[in-house]
Amino acid sequence: MTRNWIGGRQLALVAAGLAIVLMVFWVAFELTLNAAVRDAEEQAQRRLALFDRTLEAIIERFHYLPVAISQARETRMVLESASDNGAVEAANGFLSQINETAGASEIFLMDNSGAVVAASNWWTLTSLVGTNYSFRPYFADAMARGRAEFYAFGMSTRVPGLFLSQRVEGPDGPLGVAVIKINLGEIEANWWRSGELIGIVDLNDVVILSTRPDWRYRPLQTIPLTQFAAIIGQQRYGENGVENRGIIIDRWQSRGAEFALLSGSDPETSGYFVLEELRLPKHAWRILSFSPLTPLYGSAVTMATAAALGCAAILLIIVLLEQRRRLVAQRLADHNQLEMRVAERTEDLHTTNEQLRAEIAERVRAEKAEHDAREHLVQAAKLASLGQALAGVAHEVSQPVAALTTHLASARLLDQRRGGSEIGPVLAAMDKVVERLATLTGHLKTFARKQTREPMQADIGTAIANALELTDHRLRQVGVDIEYRRPRPAIAVTANPVHLEQVLINLIANAADAMQQTPMRILSIGVAQRCGAVEIAIADTGTGIAPEEISNLFDPFFTTKPTGKGLGLGLAISFGLVRDSGGTIDVQSRPGQGSTFTISLSLAASAAARASA
């Protein structure tokens, strides 16, 4: 009983697999065939558009001729006096000369009765002179509407062509019609060389041009007898007229396209085709393209077969994988108990390993913390030593500064007693520098002890001017051009003026050092107010700073200068001074293009009140 159930289940699975394969074949066939039909339609549309442009280009070359001939003096003379042999000869020569240049099939003139009075082929055996074509629509339509266009088989030349006609106006009414015939055999030959199955049908659904000679002057589908008699009366299709045997047996819409069943004498023109049509309303024509359906079916069957084989292969792989899964599951079941024993024995080892990893990680963290503390202690010791050295320097320098101040005062009194001289401004500048030196030494003396922070204001314009004055010698030495405009009105910020000047001097000196080896040396200083704050931007065109060095730029004893060129304290001190003033300092840099340091300070209270007012 169990075996019968298993056998029935396997048969059901096989039947389901076959059904899936057949479904995949059908879906792939439909999708591939639809895609191939759409692709054939798109290609046919592009080809028909190209053929249309070629046809229009050939016809447009001759559109001007009927109008030009109708306005010529020779044309009017021969139509006004058709019995004058001199006028006829002049008109014949004129038309022959024009046709040699234009390259039309024939050019001729018809009087108001439809008789040809002059032609470009007057000297040939198939001359049109003397023939009456009043029954042709291109004569009657031109006389009625001024101009006409008509495709027909030539009665005298036995050559089909497109006739373009233009009425010739006279003082008392129409004198006649000027006609030019265009032979479209050139475009028909080009189409034949393309290997396409193409035809042009006129308003009677009769093929007038085609890549198949046996299609010419045959209707697309058999014409009813009542309509066929009217077509014969037009004498449009030559002596034999229309062969009333339709090219298309049936046509229908399917898959978003139009299909046609053709009956032909050879395999190229018989069978099923994709029909694409392009209308030419200007000429009342239609261009039809026939793409054989057999290759499309063949490619669709090939793709569907490949898809079905792929689906069958996938199903076989699934079956094999299922069998393998069952075999693996059986083996895993046999090893489950052994694995459980191994897991129990390794659990203790895993716990021990985790504890060991935790101890190692803790030891690594402790060593890192110890290393960081050692580095901080070294930096603190350096800063402490530097502070002691600065205090000693300040103490030693204060006495010579005081003596220098006294000597400057004595020199100023001597200069005043002598009535003043050119040394007065020099003494004033020296006095100013000594005063600044005294202020700096005073700050150095008070730096070591605890200070009470008092609010101070600094004028930005004055601070920048003093900093530029003190660094002028260095800037001149390097050859730096300065771009700076002092802010008007003056802007005051909450900061110590001496500290602000010191920060600016450090940044300007660093910019000069950075531009020392660059061909273009420009220092730009800009001041801007934004939301109660003032930003001072100092930009240079130096070598720039590497991205990995920017994060450590404000650390003590960190410098990008060569050994012996700097201690790495200028930016660290500047950062601390700006921070103590309640501001920030930021840097942006591009290697090889320069750096920009931006100092942001709070606007002073009085200035902020004026700005808000």
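For the numbers below, each heavy atom of this structure counts, side chains included, while hydrogens, waters and symmetry mates do not.
Between Arg38 and Glu41, none of the side-chain N atoms (NZ, or NE/NH1/NH2) sits under 4.0 Å from a carboxylate O, so this pair counts as no salt bridge. A salt bridge links Arg326 with Glu322: the closest approach of a Lys/Arg side-chain nitrogen to an acidic carboxylate oxygen falls below 4.0 angstrom.
Closest approach of Asp111 to Phe139, counting heavy atoms only: O-CE1, 3.3 Å. Nearest heavy-atom pair, Ser254 versus Phe259, reported as atom, atom and distance to 0.1 Å: O-CE1, 3.0 Å. Contact between Ser120 and Leu95 at its shortest, heavy atoms only, is CB-O, 3.7 Å. Scanning both residues, Ile249 and Gln221, for their nearest heavy atoms gives O-NE2, 4.0 Å. Smallest separation of non-hydrogen atoms from Ser96 and Ala119: OG-O, 4.4 Å. Between Ala118 and Ala91, the shortest heavy-atom distance links the atoms CB-CB, 3.8 Å.
For the pair Asn112 and Pro174, the minimum side-chain heavy-atom distance is 4.5 Å or more. Under the 4.5 Å side-chain criterion, counting only non-hydrogen atoms from C-beta, Val129 is not in contact with Val88. The shortest distance between side-chain heavy atoms of Leu109 and Ile69 falls below 4.5 Å. The closest side-chain heavy-atom distance from Gln71 to Val67 is below 4.5 Å. You'll find the side chain of Tyr297 stays beyond 4.5 Å of the side chain of Tyr272, heavy atoms only.
Interatomic distance, CG of Leu280 versus CD1 of Ile200, reported as 6.5 Å (0.5 Å rounding). Put simply, CZ on Arg47 and CD1 on Ile287 are 12.0 Å apart, with the number rounded to the nearest 0.5 Å.
Of the possible polar contacts, one joining the Ser589 side chain to the Gly594 backbone as a donor-acceptor pair under 3.5 Å is found. Between the side chain of Thr32 and the main chain of Met303, no donor-acceptor pair closer than 3.5 Å is present. Judged by distance alone, the side chain of Arg147 and the main-chain N or O of Ala142 form no donor-acceptor pair under 3.5 Å. In terms of modelled atom types and a separation under 3.5 Å, the side chain of Ser70 and the main chain of Pro66 share a donor-acceptor contact. Arg218 places a side-chain N or O within donor-acceptor distance of the main-chain N or O of Arg245, the cut-off being under 3.5 Å. Here the side chain of Asn99 pairs a donor or acceptor atom with the backbone of Ala104 at under 3.5 angstrom. Remark: side-chain polar atoms of Ser210 are paired, donor with acceptor, to backbone N or O of Ile198 under 3.5 angstrom. No donor-acceptor pair under 3.5 Å is formed between the side chain of Asn183 and the backbone N or O of Gly161.
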Leu48/Asp52 under side chain to side chain contact (heavy atoms under 4.5 Å, CB included): CA gap, chis, key distance, verdict: CA-CA 6 Å; Leu48 292 180; Asp52 177 31; over 6 Å; no
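Below 30°, between 30° and 60°, or above 60°: for Phe163 and Phe108 the angle between ring planes is above 60°, a perpendicular geometry.
Side-chain contact, Gln43 with Asp39: a donor N or O sits under 3.5 Å from an acceptor N or O.
In this structure, Arg212 places its CZ atom where more than 12 heavy-atom neighbours from other residues, nucleotides or ligands lie under 6.0 Å away.
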